[in-house]
Amino acid sequence: MDETEPGEPTPQTCLRVAREAAALAAAADARALTAVCRSSSRSEAHLEEIMHAVHQEAVEAEGHAARAEQWAADPQMPDSTLRHCARGAVDHAVRAQEAAGVEVTAAALRTELALQLTAQERAALESELRRAEAEREAAERADTGMDSDNRHLARMNAFLAESAVPALGWTAGHVRVMEAAETGRLYWRDGQARQAAERGVWSGGRRVHQERTQALRAAAFLTAAAAPDGAQVLTPTLMGQVALELARLHPAGLYDSDTAAYEARYARSARSYMSSDEKKAAARRLPALEYGAVRRYRRPMTLAEQEARAEREAAEQWEGEGGYCPGVPAPAPTVEDTIRCPCCGQRKATEAGVLAPHKPTRTAAEDCPGSGLRPAPRAVPPAAAVRAEQPLLRRLFAPRTAREQRPARDLHTVIRRPRRVLTDEERERIRDTAALNFQAALIMGIIDPVPNASPMQEEAGAWVREHVWPERFHEIERKYPHGFARWSMCERGTCWNCLSGRCDICVHRQKGGPDVDSNQDWVTDHRGRNVARLILRPGGEPCVWWCRCACPKDGPAPARPAAKAKRAPAAPTTTPVPSPVPAATPVRTPEESAEQAALW
């Protein structure tokens, strides 16, 4: 259900107003009916005309109220439908009272529909909507064992099965043959189909219907593979497996007997130009699955299957390529072998715990000012000097082989950058953000982004966004409190775990590294179509997002904060406060506590 917009009434208010308006219209209708009953012969026709008009308005008002109650029980209906019903009921009630000649008291209900909500009421409404949505999702997951995406897949598969299964012309016997083939124990030998007692023993076993097996094999639902002693193992093809899954989803589409299935296939395949024998031969053949059904069918996965797949993929994926393996600590050299250099921030080899003499390879100022990273110390290959002399477009659109020659960089060396302290205006803007966009901004770290230094002034950037950007950029830009497309990876702020006080589960601590940008973008034409790929940083400088919280991203995890009694937040401040020195356990200032109270 959509969220209530600022200045709009709550769903409960809409239901109450719609019901009160229907009651006022019904009272006006009763008043007009009483007037007709007490009228004289001279005014009877006029009052009867008024009675019919008032009754029509009362019926319309009652219909709007009934629809509001019906749609309120449907979680898929947006709140705008309730507001529409309430306003319609009030309008009909006002016209009913005006036609009946009574005091127009229904007009006062319009002020309640236009009543603006306070910030506390909006926050309470959003919290209630999120809580109801979370409870509904938890209940559906407990009932089905699937998330929302896979439940949608299951519903789409059910719709597909309703149209595809009757066209197959199958009976329950065909399904049993396919299930026997699914076990991998169905084989054909000496003109007879059998289901072996165990896999690999192609002799004996239970007999399977011969004609159905031959028909399924001829229609390409089954495929044969040679086995020892002249046997042929029958297994389902891709189309056969999809047809079996659809038949299980819609068993009502199966026919009761082979005769009924034959008659249905005869009615579907018979053509006027065919002879009688040709019609019968066509009816005996099983039709293939309808066109596109195999492509449209997607098997849904349960939550348990998703967890098993995630664990398997995490175990197979090398952590150095960006994958995070749950339960496996990030490989890092021990303190006895290396120590972080205070001048360049990189780990150097030690001798008996003492840093050996060395020359700093590169300063932080020579790197990207917003990336937060320093390159790993390595010799610059000769190809790098050659690329520096190439034209700009040649370097921007470099081939893959040239990009692979760029120097590797240490993604675990952090340059601490200050966090952004939100102003009162920015807090109000964040509170008015829709819940879904608010969650997305938290995940992407653009609730509190920090802009890098730029030669373009903010006024010039605003002019470009207003007069140069196409409308498709503005649509998503307006949904986020600080915009969307204007922030690069290295300008993102604090992760959602640290914002909620859970620095022990910081996003980048869990990943064992930062979020690294691909350094690529697309050049689009006036219609928004991609026409060329643009490599933003041909030198290979990474643009990354490290959480701006002062908590450490490696080493021992900070202690989990204990639950405290709620207290009123302190007055917010608008003065930016630089990030403190990382400590084992982060300590929040009163300004940061007020910021978290405003965000959550």
Side-chain angles (χ1 to χ4, degrees), residues 1-2 73-78 129-186 199 216 219-223 234-255 286-317 322-327 435-437 439-440 443 510:
M1 181 177 292
D2 295 345
D74 187 357
Q76 302 297 330
M77 298 300 294
L129 291 175
R130 293 173 190 158
R131 187 182 302 109
E133 184 179 357
E135 292 176 355
R136 184 169 58 255
E137 177 66 19
E140 292 181 356
R141 288 194 175 200
D143 293 339
T144 61
M146 295 183 291
D147 56 13
S148 59
D149 294 337
N150 286 279
R151 290 197 302 270
H152 176 72
L153 277 180
R155 289 192 296 269
M156 295 299 102
N157 293 337
F159 291 145
L160 176 62
E162 291 180 3
S163 60
V165 173
L168 292 174
W170 284 12
T171 63
H174 293 88
V175 175
R176 287 193 294 268
V177 174
M178 294 297 299
E179 289 177 345
E182 189 181 28
T183 62
R185 294 185 285 118
L186 182 65
R199 187 190 297 267
L216 289 170
F221 291 108
L222 295 176
T223 182
L234 303 179
T235 55
T237 61
L238 177 60
M239 182 179 66
Q241 188 63 44
V242 172
L244 178 59
E245 295 290 341
L246 295 177
R248 289 170 176 170
L249 289 176
H250 187 60
L254 302 175
Y255 294 94
L286 292 178
L289 196 61
E290 68 176 22
Y291 177 77
V294 177
R295 177 179 53 82
R296 285 183 288 163
Y297 176 81
R298 293 291 182 271
R299 181 181 175 273
M301 297 183 63
T302 62
L303 296 174
E305 292 173 342
Q306 290 181 2
E307 280 188 20
R309 185 182 67 175
E311 292 179 0
R312 183 173 63 255
E313 291 178 353
E316 296 174 354
Q317 187 176 12
Y324 168 66
C325 184
L436 187 60
N437 300 118
Q439 297 296 333
I443 294 174
Q510 293 186 63

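The chain is numbered in sequence order, starting from 1.
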* Kindly compute the distance separating NE2 (His250) from CZ (Phe159), expressed to the nearest 0.5 Å. => 12.0 Å

* For the side chain of His174 and the backbone of Thr171, is there at least one donor-acceptor N/O pair under 3.5 Å apart? -> yes

* Where at least one partner belongs to residues 161-175, residue pairs that pass salt bridge (charged side-chain N to carboxylate O under 4.0 Å, His left out), sequence neighbours excluded -> none

* Structure fact -> Rounded to the nearest 0.5 angstrom, the CG-CG distance for Leu222 and Leu216 is 5.0 Å

* Asked: What residues form a side chain to side chain contact (heavy atoms under 4.5 Å, CB included) with Ala219, not counting sequence neighbours?
  -> Phe221, Leu286

* **All pairs passing side chain to side chain donor-acceptor pair (under 3.5 Å) where residues 299-308 contributes a residue, at least two apart** => Asp147-Gln306, Arg299-Glu305

* What pairs with Leu153 under side chain to side chain contact (heavy atoms under 4.5 Å, CB included), at least two apart in sequence or on another chain? -> Asn150, Arg298, Pro300

* **Backbone of Thr237 reached by a side-chain donor or acceptor of Thr223 within 3.5 Å** => no

* **Residue list, side chain to side chain contact (heavy atoms under 4.5 Å, CB included) with Ala440, at least two apart or on another chain** => Met444, Tyr480

* Counterpart residues, salt bridge (Lys or Arg N to Asp or Glu O under 4.0 Å), relative to Glu137 (two or more places apart) -> Arg141, Arg151

* Basic-acidic side-chain contact under 4.0 Å: Arg248, Glu245 -> yes

* Under 4.5 Å between any side-chain heavy atoms of Leu168 and Leu246, yes or no? -> no

* Asked: What heavy-atom pair brings Tyr255 and Pro166 nearest, and what distance separates the two atoms?
  -> OH-O, 3.2 Å

* Over all heavy atoms of both residues, which pair between Ala154 and Met146 is shortest? Give the atoms and the distance, please. => CB-CE, 4.1 Å

* **Reported OG-to-CD distance for the pair Ser148 and Glu133, which is rounded to 0.5 angstrom** => 9.0 Å

* Closest approach of Ala247 and Leu254, non-hydrogen atoms and distance? -> CB-CD2, 4.3 Å

* Under the 3.5 angstrom rule, does the side chain of Arg199 hit a backbone N or O of Thr183 as a donor-acceptor pair? -> yes

* Asked: Which atom pair, heavy atoms only, marks the closest approach of Leu234 to Ala181?
  -> O-CB, 3.7 Å

* Return the minimal non-hydrogen interatomic distance between Leu160 and Ala293, and the atom names on each side. => CD2-O, 3.8 Å

* Spacing of CZ belonging to Arg176 relative to CG belonging to Leu244, to within rounding of 0.5 Å -> 12.5 Å

* Structure fact -> Separation between OG1 (Thr235) and CD (Gln241), nearest 0.5 Å, reads 10.0 Å

